[in-house]
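Report on one structure; see the data block that follows.
In the text below, chain A, chain B and the rest are named by the order of the sequence lines, each starting its count at 1.
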2 protein chains.
Amino acid sequence: MTIITYYCFMPASHPAPERFPVTVDVVALTVRDGELHVLLITRLIEPFRGRLALPGGFVLAGEDLLEAAVRELAEETGVEHLPGHLEQLGSYGPKGRDPRGDVLTVAHLLLAPDFPVLSAGSDAEQAAWYPVRDVLDGKLELAFDHARILDDALERAKSKLEYSPLGAAFCDEEFTIAQLRSVYEAVWGTRLDARNFHRKATGTPGFLEDTGRMTTGDAGRPAALFRLALEARPTPGQPTRAVLNPPLMRPRAVDPR
Amino acid sequence: MTIITYYCFMPASHPAPERFPVTVDVVALTVRDGELHVLLITRLIEPFRGRLALPGGFVLAGEDLLEAAVRELAEETGVEHLPGHLEQLGSYGPKGRDPRGDVLTVAHLLLAPDFPVLSAGSDAEQAAWYPVRDVLDGKLELAFDHARILDDALERAKSKLEYSPLGAAFCDEEFTIAQLRSVYEAVWGTRLDARNFHRKATGTPGFLEDTGRMTTGDAGRPAALFRLALEARPTPGQPTRAVLNPPLMRPRAVDPR
DNA sequence: GTAATTATCGTCATGTTGACAATAAAGCGA
DNA sequence: TCGCTTTATTGTCAACATGACGATAATTAC
C-alpha cells in the first residue's frame, strides 16, 4: 500500500468540497446480422474481475467528458478514429455503485456501424460485441450498475430513432433503405412493413439524399444507395435536431392576435 | 488560508484516479403571467460575485445526484417540499468552466408551478424568479457556463412538452385546459389554437382526467378542472413515458412471418 | 427461361391535423 | 332584466399521414 497525499488550498471560511473520482462509460451499440449488439470488455482487475462491463475509465485532469469517452473507447478497442455518433447519456451515482467507494460515472451512448474491434494484448481488457438480447435475458451479467445503464441506453436509442435521423448512425456512409430499416427493426425489436418504411424514409424532407448509385451483386433487385442529407447529419456531442418526426402536438403558431 | 490534506489508500500498482469537485445545478422553470421564468440566485462570493447564477452547490459525501439537487434547491429557496418534476439534464465539464479549477457539474431540470420563494437572510444567496426572455435577450448575464446550461434546459423543456405529459408539471394539481395551453404557449413561445388544443388535450387517452369540478368567479364561461391521469404522472427522477405523442415513425410491428 | 428474391410504386380506407364556424355559460354595465 | 363581452366547448371540413396490402420491376439462382 502507498499513501497518496493531496493538498488543497482553500479559504479557511469554507469547508473543502468533497471530491469524487469520475469515470466515463460508453454504451456502444451496433447492428450485426440484424441483431443489436453492445460492446463489452472483460474486467481483468477487481472488483468484478472476470465479469463483463461497459468500456470506460477515469476522467483525467484537464479532460472534458466527451474527450475522455473518446479516449477510453479508442484505448479499449484499438480503433483510432471511431465511427458513428457519440452523445452523453446521463450520470449515475456517486452513492453505492462501486464497492471501492463513491464514484460518479457519466455514461455515454455510441451508435455506430459494425466496426471490427482490434485484439488487445494478453494483459489488456478485451473488448468485443455481444448480443444485447443475451444481457437482457440474463445470459450475460454485467459489473457495477452497468445493466441499468444499458437499459437506459436502449431506451434512449429507441426514442432517438423515433425523433431523429440517428438511425443512419448505425449505417455506413452510404446505405440502402432496407439496411436502414433493419436498424429500426433491430433497435425496436419489431418487424416493419418494407413498403411503408420506404415511403416514409424517402418522403421525409431533409432526411435522405439519393447518391444516384445502386447496390450490385446482392440477391434480388438492386437497391438505391442513400446518404444522410446534410441538414440531418449529427454534430458529435451536440443534441440532434429531430428531422424525422412531426409529433402530435407541435409548436405551431396560430395567427397571433 | 488553510491547508487541507486528504489521505487516500490505494494499491501501489495503480495510480490514484483524479478526483473532481462535483456540483449540482438546477434549472427551475415556471410559467408566471404567461411567461417562462427561471429561478436564479445572486452570488455572494467569488467568483462571479454579484452575478446571477443557477441555484446549486457541491455534492456531499454519501449523497446521490438527485438528493443533492433537492437539498440545494430547498436550501436556496427555503421551500421544504418542492413541487413539480425534477429530472437530470446532463453533465458539464470538468474542464475550464470554473476559474477555481476543474469542477464537474450535473445540471438538473425542474418544471414546477409558480411557487413563492422565501426570503433568505441578508447573508444568504437570494433566489428569485426571472423572465427567461431577459436572459436570452442579454439583459441578464449568468455566471459560469450557466447560460449554455439554460439553453439546453429550454430545449429539453420544449421537447418534453411534445413527447410527454410533463406540461402539467407546470400546473397545480387541478387545472383548466386554458391554463395548460398557456404553459405550452409560454414554453414554445407561440400561440396555439384554443379549440384544437382542447380537442387534442382531452382526446389523448391516458393524459387527462376530468375532476368533475369547474372554475368559478373568472370572466367568461366556467372551465372544467382536470388533473393528470394516473398513468401520466411522472415518477420523480424517472424517465417519463411519452403519452401525448404518437410520432410519425413508431415501433409498430407488421404481422411477422 | 423460370422461379425466387428483393426493391419500389400505387391504392385505399381510416385517422389526425389545422382552420374556423357555431354554440354555451358565465360576468358586467345600463 | 337585457344585451354585450368574455371565455369554454363542440362541431365541421378539407388536406394530409398512416397502416394494410396489391402490383410491378429488376436482379440472382437454378
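When atom types are taken as modelled, the side chain of A:His146 and the backbone of A:Ala53 share no donor-acceptor pair closer than 3.5 angstrom.
For A:Arg227, the salt bridge (Lys or Arg N to Asp or Glu O under 4.0 Å) partners are A:Glu174, A:Glu209, not counting sequence neighbours. Qualifying side-chain contact (heavy atoms from CB on, under 4.5 Å) partners for A:Ala186, counting only residues two or more places apart in sequence or in other chains: A:Val31.
Distance CG (B:Leu192) to C1' (C:dA19): 14 Å, rounded to an integer number of Å. Between the P atom of D:dA8 and the CG atom of B:Asp193 lies a distance of 13 Å, rounded to the nearest Å. One can place CG of A:Asp218 at 17 Å from C1' of D:dA25, the figure rounded to the nearest angstrom. Straight-line distance from the CZ atom of B:Phe197 to the C1' atom of C:dA19: 17 Å, rounded to whole Å.
Contact check on B:Arg148 versus B:Asp152 returns a salt bridge, with a Lys/Arg side-chain nitrogen under 4.0 Å from an Asp/Glu carboxylate oxygen. The pair A:Glu67-A:Arg71 does not meet the salt-bridge criterion, since no charged nitrogen lies less than 4.0 angstrom from a carboxylate oxygen.
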Please list, for nucleotides 4-10 of chain C, all pairs of protein and nucleotide N/O atoms separated by less than 3.5 Å.
residue, atom, partner, partner atom, Å
C:dT6, O2, A:Arg221, N, 3.3
C:dA7, N3, A:Arg221, NH1, 3.2
C:dT8, OP1, A:Ala224, N, 2.8
C:dT8, OP2, A:His198, NE2, 3.3
C:dT8, O5', A:His198, NE2, 3.4

Exercise. Under the side chain to side chain donor-acceptor pair (under 3.5 Å) rule, what do B:Thr176 and B:Thr215 come out as? Steps first, then yes or no, please.
Key: CA-CA 8 Å; B:Thr176 67; B:Thr215 56; over 6 Å; no

